[in-house]
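A short worksheet on the structure shown next.
Since this is a predicted model, take the numbers as computed values, not measurements.
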Amino acid sequence: MIVTKSAEEIERIRAAGRVVHAALQAMRAAIRPEASTTHDLELAAMRVISDSGAESAFLGYAPHEHPPYPAWTCVSVNEEVVHGIPGRRVLREGDVVSCDVGVRLNGYYADSAWTFAVGRVSPEVERLLRVAEEALHRGIAQAKAGGHIGDIGAAIERHVKAHHYTVVRDLVGHGVGKALHEEPQVPNYGRLGSGPELTAGMTLAIEPMVNIGKRHVEALDDNWTIVTGDRAVSAHFEHTVAVTGNGPRILTSGD
């Protein structure tokens with residue numbers, strides 16, 4: 001069942017979204033090529049989340065057939081699409097690192113992710129990051145009352161394909177609010193006019209995952225980290241968005 005939110009509830013999600021945004025900015029500031037590890041980025045986010053009185057939405061999360069997630073954030077490098085577990089991996093010049101943060105604050109959740117360049121990256125990777133971020137905003141622009149879930153995915157996929165990249169189909173966005181994952185699913189592909197109708201009060205995590213190579217992915221032995229099947233670089237961008245009568249409203253932009 002799709003649960004719509006009141007204006008007050010949307011403000012609560014937005015408050016959680018401010019914490020998420022601040023944590024992502026702290027992770028970005030912690031990136032030091034050839035020095036910082038993925039765990040260093042985790043520590044930077046932990047400090048922000050703790051100081052804000054929020055809690056990680058990811059720590060201990062255990063969906064069906066998965067062990068409990070062992071960290072506060074997800075930190076995925078290069079071919080790691082999502083759900084990378086922070087650890088000792090050192091970030092190298094030319095890497096990309098996707099940071100994903102979800103928090104719970106006063107009973108409401110927000111979720112956002114961003115892919116950052118580590119120092120100078122190749123022109124092709126720089127282009128991937130630009131196109132993937134643009135695809136996110138193309139999808140967000142379609143999150144308006146009277147449209148359909150399929151409109152979001154269609155806009156994302158169209159932009160990605162136009163630049164000869166691929167969107168991951170095995171992983172999708174989702175509703176978010178009173179729980180980390182709510183209905184509906186929000187694929188990053190689709191047909192215009194398909195899927196559930198968008199109504200004011202819906203809150204969605206829109207999150208294109210865009211690959212330089214093929215769209216296929218696989219899980220590593222830790223049962224969490226998802227990598228591209230061809231080990232090509234991937235980028236992940238995500239915002240929590242409210243559907244309103246005046247168009248989409250981003251709740252994780254920090255404002």
Side-chain angles (χ1 to χ4, degrees), residues 20-45 48 71 73-101 111-140 155-171 173 188 206-218 220 224-239 250 252-254:
V20 170
H21 176 80
L24 284 170
Q25 293 309 305
M27 295 174 86
R28 181 178 195 170
I31 295 172
R32 300 184 308 281
E34 315 302 331
S36 56
T37 66
T38 54
H39 183 62
D40 291 329
L41 274 59
E42 161 95 341
L43 291 175
V48 171
T73 67
C74 299
V75 185
S76 309
V77 182
N78 295 339
E79 76 283 356
E80 296 173 352
V81 182
V82 288
H83 305 162
I85 299 171
R88 296 179 179 178
R89 183 170 182 171
V90 176
L91 298 174
R92 304 298 184 185
E93 183 84 20
D95 285 346
V96 296
V97 57
S98 299
C99 300
D100 192 353
V101 177
D111 191 5
S112 181
W114 220 255
T115 301
F116 303 114
V118 179
R120 294 176 62 88
V121 297
S122 70
E124 176 68 358
V125 169
E126 187 174 350
R127 180 170 173 264
L128 171 72
L129 300 187
R130 176 178 59 79
V131 170
E133 183 178 351
E134 290 171 352
L136 169 64
H137 289 285
R138 297 289 179 100
I140 290 172
I156 290 169
E157 185 177 37
R158 185 186 313 116
H159 188 67
V160 170
K161 280 188 169 182
H163 291 84
H164 309 291
Y165 298 133
T166 60
V167 293
V168 173
R169 289 181 168 233
D170 295 345
L171 303 159
N188 297 305
I206 299 173
E207 50 176 323
M209 290 150 268
V210 181
N211 298 344
I212 281 183
K214 298 180 188 264
R215 66 176 175 85
H216 305 290
V217 298
E218 58 190 54
L220 297 184
W224 276 109
T225 307
I226 303 296
V227 299
T228 53
D230 56 11
R231 301 304 190 267
V233 175
S234 184
H236 177 211
F237 289 86
E238 175 185 21
H239 269 312
I250 299 173
T252 44
S253 62

Nearest heavy atoms of [X] and [Y], plus distance in Å:
X      : Y      : answer
Val82  : His236 : CG1-ND1, 3.4 Å
Val48  : Ala26  : CG2-CB, 3.7 Å
His137 : Ile250 : CE1-CD1, 4.2 Å
Ala135 : Ile156 : O-CG1, 3.3 Å
Ala44  : Ala30  : CB-CB, 4.0 Å
Leu128 : Ser234 : CD2-C, 4.1 Å

Checklist entry - Step by step, would you call Val233 with Glu124 a side chain to side chain contact (heavy atoms under 4.5 Å, CB included)? => result CA-CA 10 Å; Val233 175; Glu124 176 68 358; over 6 Å; no
Do [X] and [Y] have side chains that approach each other closer than 4.5 Å (heavy atoms only, starting at C-beta)?
X      : Y      : result
His163 : Val210 : no
Glu207 : Met209 : yes
Val168 : Asn188 : no
His83  : Leu220 : no
Thr228 : Val81  : yes
Ser112 : Leu24  : yes

Would the distance check show the side chain of [X] and the main-chain N or O of [Y] forming a donor-acceptor pair, the cut-off being under 3.5 Å?
X      : Y     : value
Thr115 : Val97 : no
Thr252 : His21 : no
Asp100 : Cys74 : no

Rounded distance [0.5 Å steps], [atom1] in [X] versus [atom2] in [Y]:
X      : Y      : atom1 : atom2 : answer
Ile140 : Ser253 : CD1   : OG    : 9.5 Å
Arg32  : Thr37  : CZ    : OG1   : 8.5 Å
Arg28  : Leu41  : CZ    : CG    : 12.0 Å
Thr38  : Leu43  : OG1   : CG    : 10.0 Å
Ile85  : Thr73  : CD1   : OG1   : 10.5 Å
Glu79  : Asn211 : CD    : CG    : 11.0 Å

Next on the checklist: Does the plane of the ring in Trp114 sit parallel, tilted or perpendicular to the ring in His239? Use 30° and 60° as the thresholds.
Outcome noted: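 Trp114 vs His239 ring planes: tilted.
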Next on the checklist: For a side chain to side chain contact (heavy atoms under 4.5 Å, CB included) check, start with the C-alpha distance between Ile212 and Tyr165, then their side-chain angles and the critical distance, and finish with the verdict.
Outcome noted: CA-CA 5 Å; Ile212 281 183; Tyr165 298 133; 4.1 Å; yes
Report, one line per pair, each donor and acceptor closer than 3.5 Å where one atom sits in a side chain of residues 86-96; sequence neighbours left out.
residue: Arg89; atom: NH1; partner: Glu80; partner atom: OE2; Å: 3.3
residue: Arg92; atom: NH1; partner: Glu34; partner atom: OE1; Å: 3.0
residue: Glu93; atom: OE2; partner: Arg120; partner atom: N; Å: 2.7
residue: Asp95; atom: OD1; partner: Asn78; partner atom: ND2; Å: 2.9
residue: Asp95; atom: OD2; partner: Arg92; partner atom: N; Å: 2.7

Checklist entry - Under a 4.0 Å N-O cut-off, is there an ion pair linking Arg215 with Glu157? => result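 Salt bridge absent between Arg215 and Glu157.
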Checklist entry - Taking NZ, NE, NH1 and NH2 as the nitrogens, is one of them in Arg127 or Glu134 under 4.0 Å from a carboxylate oxygen of the other? => result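 Glu134 and Arg127: not salt-bridged.
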